[in-house]
Asks: 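One structure coming up, written as structure tokens, with questions to follow.
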Protein chains: 2
Amino acid sequence: MSDIVFDHKECGSCPIRHRAVCARCETDELNELDSIKYYRSYEAGQPIVWSGDRMDFVASVVTGVASLSQAMEDGRTQMVGLLLPSDFLGRPGRDVAPYDVAAVSNLTLCCFRRKPFEALMTRTPHIAQRLLEMTLDELDAAREWMLILGRKTAREKIASLLAIIARRESSLALKSTGDGMMFELPLTREAMADYLGLTLETVSRQISALKREGIITLEGKRRVIIPDFDRLQIETGDDMDGGMMA
Amino acid sequence: MSDIVFDHKECGSCPIRHRAVCARCETDELNELDSIKYYRSYEAGQPIVWSGDRMDFVASVVTGVASLSQAMEDGRTQMVGLLLPSDFLGRPGRDVAPYDVAAVSNLTLCCFRRKPFEALMTRTPHIAQRLLEMTLDELDAAREWMLILGRKTAREKIASLLAIIARRESSLALKSTGDGMMFELPLTREAMADYLGLTLETVSRQISALKREGIITLEGKRRVIIPDFDRLQIETGDDMDGGMMA
DNA sequence: TGGGCGCATTGACCCAGATCAAAAAACGTG
DNA sequence: CACGTTTTTTGATCTGGGTCAATGCGCCCA
């Protein structure tokens, strides 16, 4: 789809953004990106920015998982996005964060100072184009999530989440034995509940049910094994073929 | 926020897109846009494109309301976006529709043939920029909707929908008496249910409840009067001040 | 080696909203 | 204006998932 490479491992000094850019960029631009980038690390659970905060950087996730969520002041919260390695954080052209961002697991970001990044972007059309591309992907993901939140049962929600993470995670492959797959679940039950619009008790119950029926296996608390992906896929309620997810 | 004008009334020959462009464009580009545009009308309920269809145009809504929705093959559907006059339809750089698009009310679109539109876009950076801007707005709206779908009660959902439409509709002002407002509800109960992840019965009941409590008044079946917007706003469950919506 | 703390699981009960069913408005249309 | 069609309202009942509460399971650290 794109000649841009999205794997951190392929680019020692700086990941995605750098890599995303350098596929077509001149050396000058690479140097410029290098000069405005810096790394930041966060521990699991740590907040990164709050809704309404001024954000003076954009970033890409190097390792770990971050969450975007919206909160109602009575305490109800809804996660509206999950950032895995190679995902982009921040909104070029907008300096106020519209949601809370937090580290779900230990997290490393590669940050770029916003102003010079935007300047570079305006001067380099294909970067703007790439940003549009990525934003459209996020929009697709958000809308897929609307279907999950609005119309799926608890069981389908859990199956959908597992399927989505499995697809993402296993392309950056932790292990993929035959058609079975295995991955480290990066979310607590509570985080899953926040994402799926459920309570953590319901999440736990549904996971237990899937386990009981042999659709998934847990190794310890977080390592998930999916012996037969198609079987899980059926539980999502989705159209078999129709390409979901961004 | 932007020097681009979004009111069809201000631009006789072509609406939004044209107008959006001409704020900064040269005459050549205006002429070019004119040469690739055409109008299409649809009747209420008519489908415009199905998920998976090839789309050879992008468009902006001139009059009426269109819906974007995702369907599960067992019949459950979730509306994932609502297009009101001045909203943009279509995804530059992508030629396959990711959801079903339908006319909710009688609808007029101003369409641009996709290829030349994209070509113009690549040649004219500020159009790409504007598209990114608009996509970010859609993303915000989608994520606000995730909160509504995932965490709000039926009553809060209805109140939120009415508040959102009231804000949109009354800025293009049907009437705004004092702090009260009145507008034409462009959706059937079923469409509202599809949007809110409810059943049409629940929608009807909640509307009746709001009516009974004097928070809204109906004139006929579709004309809604909101005597005190703040009162409605409270029912949404949202933070009073925090700017919602795009 | 045994608290203590942060998840996770499980159980019992309840309620908001779904489902099923029917009546009542609204709306053409011949 | 009577009549069929569509949309909306209302009622009665059922149920998936929420709520409240207890218990279990690592895991760290003393």
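Every chain is numbered from 1 and lettered A, B, ... according to where its sequence line falls, protein lines coming before strand lines. Everything numeric here is computed off the predicted structure, so don't read it as measured data.
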Asks: Scan for salt bridge (Lys or Arg N to Asp or Glu O under 4.0 Å) pairs involving residues 95-104 of chain A, sequence neighbours excluded, and state none if there are none.
Replies: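 Applying salt bridge (Lys or Arg N to Asp or Glu O under 4.0 Å) to every pair that reaches into residues 95-104 of chain A, excluding sequence neighbours, yields R54(A)-D95(A), D95(A)-R114(A).
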
Asks: Please confirm whether the backbone N or O of Q78(B) pairs with a side-chain atom of R151(A), one donor and one acceptor, at under 3.5 Å?
Replies: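 Flag not set: sc R151(A) to bb Q78(B) has no pair under 3.5 Å.
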
Asks: At a cut-off of 3.5 Å, list every protein nitrogen or oxygen paired with a nitrogen or oxygen from nucleotides 19-22 of chain D, distance to 0.1 Å.
Replies:
residue : atom : partner : partner atom : Å
dT19(D) : O4   : R205(A) : NH2          : 2.8
dC20(D) : N4   : E201(A) : OE2          : 3.2

Asks: Looking at DNA chain D, which of residues 185-197 of chain A put a heavy atom within less than 4.0 Å of it?
Replies: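 Contacts with DNA chain D under 4.0 Å: G197(A).
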
Asks: Provide the start and end nucleotides, 5' to 3', of the part of DNA chain C that has atoms under 4.0 Å from heavy atoms of chain A.
Replies: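 Nucleotide range with atoms under 4.0 Å of chain A: dA8(C) to dA12(C).
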
Asks: Between the side chain of R168(B) and the main-chain N/O of P85(B), is any donor-acceptor distance below 3.5 Å?
Replies: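 Pair found, side chain donor or acceptor close to backbone of P85(B).
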
Asks: What residues, two or more places apart in sequence or in another chain, satisfy side-chain contact (heavy atoms from CB on, under 4.5 Å) together with V65(B)?
Replies: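 Partners of V65(B) under the side-chain contact (heavy atoms from CB on, under 4.5 Å) test: L82(B), L84(B), V104(B), S105(B), P186(B).
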
Asks: What residues, two or more places apart in sequence or in another chain, satisfy side-chain contact (heavy atoms from CB on, under 4.5 Å) together with D53(A)?
Replies: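 Counting only residues at least two positions away or on another chain, D53(A) forms a side-chain contact (heavy atoms from CB on, under 4.5 Å) with V49(A), W50(A).
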
Asks: Show every donor-acceptor pair shorter than 3.5 Å between a side-chain atom in residues 197-205 of chain A and any protein atom, with sequence neighbours excluded, or say none if there are none.
Replies:
residue : atom : partner : partner atom : Å
T199(A) : OG1  : T202(A) : N            : 3.4
T199(A) : OG1  : T202(A) : OG1          : 3.1

Asks: What pairs with T135(B) under side-chain contact (heavy atoms from CB on, under 4.5 Å), at least two apart in sequence or on another chain?
Replies: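 Checked T135(B) against side-chain contact (heavy atoms from CB on, under 4.5 Å); matches are L132(A), T135(A), L136(A), L139(A).
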
Asks: Which residues pass the ring-ring contact (aromatic ring centres under 6.0 Å, His included) test with Y99(A), sequence neighbours left out?
Replies: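 By the ring-ring contact (aromatic ring centres under 6.0 Å, His included) rule, Y99(A) matches no residue at all.
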
Asks: Please collect all ring pair (Phe, Tyr, Trp, His ring centres under 6.0 Å) contacts where either partner lies in residues 188-225 of chain A, sequence neighbours excluded, each pair once.
Replies: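 Found W145(A)-Y195(A).
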
Asks: Kindly write out the residues that satisfy side-chain contact (heavy atoms from CB on, under 4.5 Å) with T77(A), not counting sequence neighbours, or none if the list is empty.
Replies: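 Applying side-chain contact (heavy atoms from CB on, under 4.5 Å) to T77(A) gives A71(A), D194(A).
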
Asks: Is it true that R155(A) and E213(A) have a side-chain N and a carboxylate O under 4.0 angstrom from each other?
Replies: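 Salt bridge: yes.
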
Asks: Categorize L198(A) for me: base, sugar-phosphate, or nothing, with a 4.0 angstrom heavy-atom threshold over every strand shown.
Replies: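 L198(A): backbone/sugar contact only, no base atoms under 4.0 Å.
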
Asks: The helix from dT1(C)-dA30(D) to dG30(C)-dC1(D): angle between its terminal axes, five pairs each, to 10°?
Replies: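 For the helix from dT1(C)-dA30(D) to dG30(C)-dC1(D), the axes at either end differ by 30°.
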
